[in-house]
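Below is one structure, written out as structure tokens; comments come after it.
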Amino acid sequence: MFGPSFYLSASVFCSTMQSGLILVDSREDNQVSFNLSIGRILIVLNPLLLERKNRMKKTAAWLRERVLQLGPTFIKLGQLSSTRSDLFPREFVDELAKLQDRVPAFSPEKARDFIAGELGAPVEVVFKEFEDRPIAAASLGQVHRAILHNGEKVVVKVQRPGLKKLFDIDLSE
């Protein structure tokens with residue numbers, strides 16, 4: 001009487017019958033069906049739709065990675081796009097939202113070199129302690145904890161190296 005089954009989750013599965021579709025909730029062993037004026041209809045996740053959703057997630061992850069490779073201007077565009085759920089599918093919005101606060105950090109050596117160049121002295125001279133591992137990284141820079149020689153705890157925001165040059169290149173064309 002029942003045709004092939006496929007699992008929707010650990011507790012719910014769907015089967016086809018000759019007369020229509022039936023949904024069985026195995027937690028309570030209840031059969032649930034919906035009767036509409038056009039006949040017996042059940043909302044079912046089709047395996048093809050699940051596959052499509054997985055492909056969209058993979059494509060969205062691929063797009064986020066390419067945006068990261070393209071640099072700060074494109075990261076900013078991705079961040080902006082992540083706020084527009086009215087324009088983009090949920091999978092893309094969720095993946096691009098990772099650009100808000102999960103951008104890879106640049107090396108501690110580059111951060112130290114940038115600080116030394118801006119302040120005119122090595123990090124060891126300016127700070128009593130400086131944490132190489134950033135506490136946050138974003139499209140324009142990253143933040144490090146440090147302690148001044150007088151004992152005051154501070155955070156140091158370091159701009160991404162070459163940022164102005166990258167923006168000039170991106171915006172000139």
Side-chain angles (χ1 to χ4, degrees), residues 6-12 25-27 43 45-173:
F6 63 93
Y7 282 90
L8 297 176
S9 71
S11 62
V12 179
D25 185 339
S26 61
R27 288 173 296 189
I43 300 170
L45 289 176
N46 184 317
L48 295 176
L49 292 178
L50 292 174
E51 184 180 319
R52 180 176 177 257
K53 189 172 182 89
N54 287 336
R55 272 185 294 160
M56 283 186 68
K57 282 183 179 182
K58 287 179 183 177
T59 302
W62 175 87
L63 175 63
R64 181 183 49 81
E65 289 296 323
R66 299 299 80 77
V67 166
L68 283 170
Q69 289 176 352
L70 289 169
T73 304
F74 293 92
I75 292 171
K76 281 293 175 194
L77 290 171
Q79 290 171 337
L80 176 66
S81 298
S82 75
T83 65
R84 298 302 311 264
S85 60
D86 59 325
L87 297 177
F88 301 105
R90 171 60 40 203
E91 293 82 3
F92 284 84
V93 169
D94 291 346
E95 198 63 40
L96 292 173
K98 294 176 183 176
L99 296 172
Q100 299 287 355
D101 59 359
R102 291 185 234 164
V103 176
F106 50 90
S107 75
E109 294 79 22
K110 286 183 180 179
R112 286 174 171 272
D113 290 346
F114 192 82
I115 292 168
E118 289 294 308
L119 300 179
V123 169
E124 296 77 19
V125 172
V126 178
F127 303 104
K128 180 179 176 182
E129 293 179 30
F130 180 83
E131 287 187 17
D132 282 332
R133 195 181 91 196
I135 56 175
S139 58
L140 302 180
Q142 60 192 37
V143 180
H144 295 263
R145 286 188 180 103
I147 299 176
L148 299 175
H149 289 286
N150 67 5
E152 185 180 356
K153 293 179 180 180
V154 296
V155 292
V156 181
K157 186 170 184 179
V158 184
Q159 182 178 312
R160 283 194 179 274
L163 193 62
K164 182 175 178 349
K165 181 180 175 185
L166 288 171
F167 272 118
D168 289 345
I169 290 168
D170 289 343
L171 298 176
S172 70
E173 296 183 24

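Worth knowing before you read on, the calculation uses all heavy atoms, side chains too, and leaves out hydrogens, waters and symmetry mates.
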Original post:
Quick one: ring pair (Phe, Tyr, Trp, His ring centres under 6.0 Å) pairs with a partner in residues 108-151, sequence neighbours left out?
Top reply: Phe127-Phe130, Phe130-His144

Subject >> Pair listing, salt bridge (charged side-chain N to carboxylate O under 4.0 Å, His left out) test, anchored in residues 140-154, at least two apart >> reply: Glu131-Arg145

In residues 80-92, what donor-acceptor pairs under 3.5 Å come from side-chain atoms, sequence neighbours left out?
residue : atom : partner : partner atom : Å
Ser81   : OG   : Leu77   : O            : 2.9
Ser82   : OG   : Gln79   : O            : 2.6
Ser82   : OG   : Gln100  : NE2          : 2.9
Thr83   : OG1  : Leu80   : O            : 2.6
Arg84   : NE   : Asp86   : OD1          : 2.9
Arg84   : NH2  : Asp86   : OD1          : 3.3
Arg84   : NH2  : Asp86   : OD2          : 2.6
Arg90   : NH1  : Asp94   : OD1          : 3.0
Glu91   : OE2  : Lys53   : NZ           : 3.2

Original post:
Does NZ belonging to Lys98 count more than 12 external heavy atoms closer than 6.0 Å?
Top reply: yes

Subject >> Close side-chain approach of Lys76 and Leu140, heavy atoms under 4.5 Å >> reply: yes

Original post:
Do you know the tightest heavy-atom contact between Leu68 and Pro104?
Top reply: CD2-CD, 3.8 Å

Subject >> Any pair counted as salt bridge (charged side-chain N to carboxylate O under 4.0 Å, His left out), so long as it reaches residues 64-73, sequence neighbours left out >> reply: Arg64-Glu95

Original post:
In Å and rounded to the nearest 0.5 Å, what is the CZ to CD distance from Phe106 to Gln142?
Top reply: 3.5 Å

Subject >> Which residues share a side chain to side chain contact (heavy atoms under 4.5 Å, CB included) with Ala121, sequence neighbours left out >> reply: Val125, Val126

Original post:
Where do Pro134 and Ala105 come nearest, in terms of heavy atoms and distance?
Top reply: CG-CB, 3.6 Å

**OP:** Give every residue pair that meets the salt bridge (charged side-chain N to carboxylate O under 4.0 Å, His left out) criterion with at least one member in residues 105-121, sequence neighbours excluded.
**Re:** Arg112-Glu124, Arg112-Asp132

Subject >> From Asn54 atom CG to Thr59 atom OG1, the distance as rounded to the nearest 0.5 Å >> reply: 10.5 Å

**OP:** Could you pull out the closest heavy-atom pair between Pro72 and Ser139, with the gap in Å?
**Re:** CB-O, 3.8 Å

